[in-house]
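In what follows, a single structure is set out as structure tokens and then discussed.
Just so you know, these numbers use all the heavy atoms, side chains as well, and skip hydrogens, waters and symmetry mates.
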Amino acid sequence: MQRRSVIRSLATSGAAAGGLVAASSFPKPAIAQQTYEWRMVTTWPKNFPGLGTGAELLAQMIGQMSDGRLQITVYGGGEIVPPFESMDAVESGTVEMGHGAPYYWKGKVNASQFLAAIPFGMNAQEMNAWYQYGGGQELADKVYAEMGAKFFPSGNTGVQMGGWFNKEMNSMADYDGLKMRIPGLGGEVVKAAGGNVVNLPGGEIPPALQSGAIDATEWVGPYNDLAFGLYKSARYYYYPGWHEPGTVLENFINLDAWNSLTPDLQAIVEQANRSVNQVVLSEFTARNNDSLNKLVNEHNVELRAFPDEVLAGLGGLAGEVMNDLASTDPLSREVMDSMLQFRQTATAWSEVSEEAFSHARGLDYQYATPTQG
Ligand code: CA
């Protein structure tokens, strides 16, 4: 591309005629191909299924697509900095890149929580649609500029599970005094319901649940929760993940480092993220069902649906929590308003598409079955 543009600029200059005739013997311009060696910190345990592996895939793709001009080494949470200091490391330029989930940065910029997931909000495809066609990318860049970073969606978990509990959750009163690990706006909702909420990076969840430091936790869904062995320390596995209906994972890049890249490398980073964004969602979709079977049939986990009364109670609190946040923080309001507006139209469409289809698929009728081998 750079070579073509050199020839094109010659063609428009006074030396054009001679230059074009001699084109076949025109010496290849010596273009200095700068190589970048970057480091990526993550909030995930190294190579953790779907999350850490998504970060690895991103680094690998960027390396291949750039023919090695942008090489990225990935570090698990705690290898360079603790998981929740990943944004500090990127903001300060200690490393160039990070991979995590936007709600981990609520202590720095409140509005980042909305960018990950809003309780009772939008599913994975609706979030992707908002980012690409609803102004989400531009708003996210505005939010991340406050942290000196460029933002890309970089994976999606799909609808998560409600979490692991050692008692049945029959009414809103069951949240009273419950010590639960739950991040983001969902955590604010559980707090409003009377819960005692903590946020822990993934790697710290299993020991906290086992020791009784927390009574309950959510993490992601069957695929990831099985990998952590959370079934060993809690009896009931609740659904659905009302708090994270399609959580967006993120790639954040130090703004100076981002601006130092050539436009073609920037395009590679953008497209690699788009690809990883879809691959990770597909991985979760493919693996969750098998993992759920294992949890229920091999580990005797008891599946429970949240009663409608509890869901409706949490939904009402979610509205209050978000309005409160927006009333004290203009950037949160701007992001929330954009998302709520998009959610309205997405919901109307979903009622006659995804929801109507799910209903049709679930009806009781004889259907074709796969041939047994
Ligand atoms: Ca979660």
Side-chain angles (χ1 to χ4, degrees), residues 43-45 48-54 99-104 106 112-128 130 153-165 169 175 178 180-190 193 195 197-203 205-206 209 214 216-231 234 236-250 277-278 280-296 301 303-306 310-311 314-315 318 339 343 354 358:
T43 62
W44 323 118
F48 193 79
L51 304 169
T53 54
H99 199 274
Y103 47 44
Y104 291 149
K106 74 165 186 177
S112 68
Q113 298 179 91
F114 291 89
L115 300 171
I118 57 176
F120 301 90
M122 294 190 276
N123 67 22
Q125 185 46 34
E126 290 163 351
M127 287 294 272
N128 284 334
W130 177 70
S154 189
N156 195 301
T157 64
V159 182
Q160 300 200 359
M161 286 291 284
W164 298 86
F165 298 81
M169 302 300 286
Y175 277 100
L178 185 79
M180 183 170 185
R181 182 272 180 191
I182 174 169
L185 293 166
E188 299 301 319
V189 172
V190 171
V197 171
V198 294
N199 192 9
L200 301 170
I205 297 173
L209 189 62
I214 52 175
T217 187
E218 68 80 61
W219 171 224
V220 184
Y223 180 41
N224 279 195
D225 295 5
L226 176 66
F228 264 161
L230 297 176
Y231 59 87
Y236 301 110
Y237 196 20
Y238 269 88
Y239 66 92
W242 54 271
H243 60 303
E244 298 194 56
T247 299
V248 174
L249 311 176
E250 52 166 7
N277 196 44
Q278 185 57 49
V280 169
L281 177 60
S282 300
E283 183 176 350
F284 278 108
T285 305
R287 303 286 181 237
N288 273 333
N289 189 41
D290 285 349
S291 304
L292 183 63
N293 272 335
K294 269 198 190 116
L295 286 169
V296 172
V301 164
L303 266 187
R304 291 282 190 280
F306 285 116
V310 170
L311 289 173
L314 294 167
M339 294 180 88
R343 179 182 177 277
E354 301 290 341
S358 290

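In this structure Ser154 satisfies the side chain to side chain donor-acceptor pair (under 3.5 Å) test together with His99, Asn273, sequence neighbours excluded. Tyr238 meets the ring-ring contact (aromatic ring centres under 6.0 Å, His included) test with Phe165, Phe306; sequence neighbours excluded. Every residue two or more places apart in sequence or in another chain that forms a side chain to side chain contact (heavy atoms under 4.5 Å, CB included) with Ala116 is listed here: Pro102, Tyr103, Thr247. Taking the side chain to side chain contact (heavy atoms under 4.5 Å, CB included) definition, one finds that Pro49 meets it with Tyr223, Asn224, Ala227, sequence neighbours left out. A search for side chain to side chain contact (heavy atoms under 4.5 Å, CB included) contacts involving Val280 returns Leu249, Val276, Phe284, not counting sequence neighbours. Remark: Gln278 pairs with Leu281, Ser282 by the side chain to side chain contact (heavy atoms under 4.5 Å, CB included) rule, at least two apart or across chains. By the ring-ring contact (aromatic ring centres under 6.0 Å, His included) test, Tyr239 is found to be paired with no residue, residues two or more places apart in sequence or in another chain being considered. Remark: Asp225 engages Trp164, Tyr237 in a side chain to side chain donor-acceptor pair (under 3.5 Å) (not counting sequence neighbours).
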Using a 3.5 Å cut-off and no angle test, enumerate the donor-acceptor pairs between side-chain atoms of residues 180-188 and protein atoms at least two apart in sequence or in another chain.
residue: Arg181; atom: NE; partner: Leu200; partner atom: O; Å: 3.0
residue: Arg181; atom: NH1; partner: Glu218; partner atom: O; Å: 3.1
residue: Arg181; atom: NH1; partner: Glu218; partner atom: OE2; Å: 2.5
residue: Arg181; atom: NH2; partner: Leu200; partner atom: O; Å: 2.9
residue: Glu188; atom: OE2; partner: Lys106; partner atom: NZ; Å: 2.6

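No donor-acceptor contact under 3.5 angstrom links the side chains of Asn156 and Asn128, judged on distance only.
Here the side chain of Glu250 pairs no donor or acceptor atom with the backbone of Pro153 at under 3.5 angstrom.
Gly241 and Val159 get closest at one heavy-atom pair: N-CG1, 4.3 Å. In this structure, Gly121 and Pro245 approach most closely via the heavy-atom pair N-CG, 3.8 Å.
Inter-residue side-chain proximity for Thr43 and Leu51 is flagged as unmet; no heavy-atom pair is nearer than 4.5 Å. Considering only heavy atoms from C-beta on, Val190 stays 4.5 Å or farther from His243 through its side chain.
Residue pairs meeting the side chain to side chain donor-acceptor pair (under 3.5 Å) criterion with at least one member in residues 116-125: none, sequence neighbours excluded.
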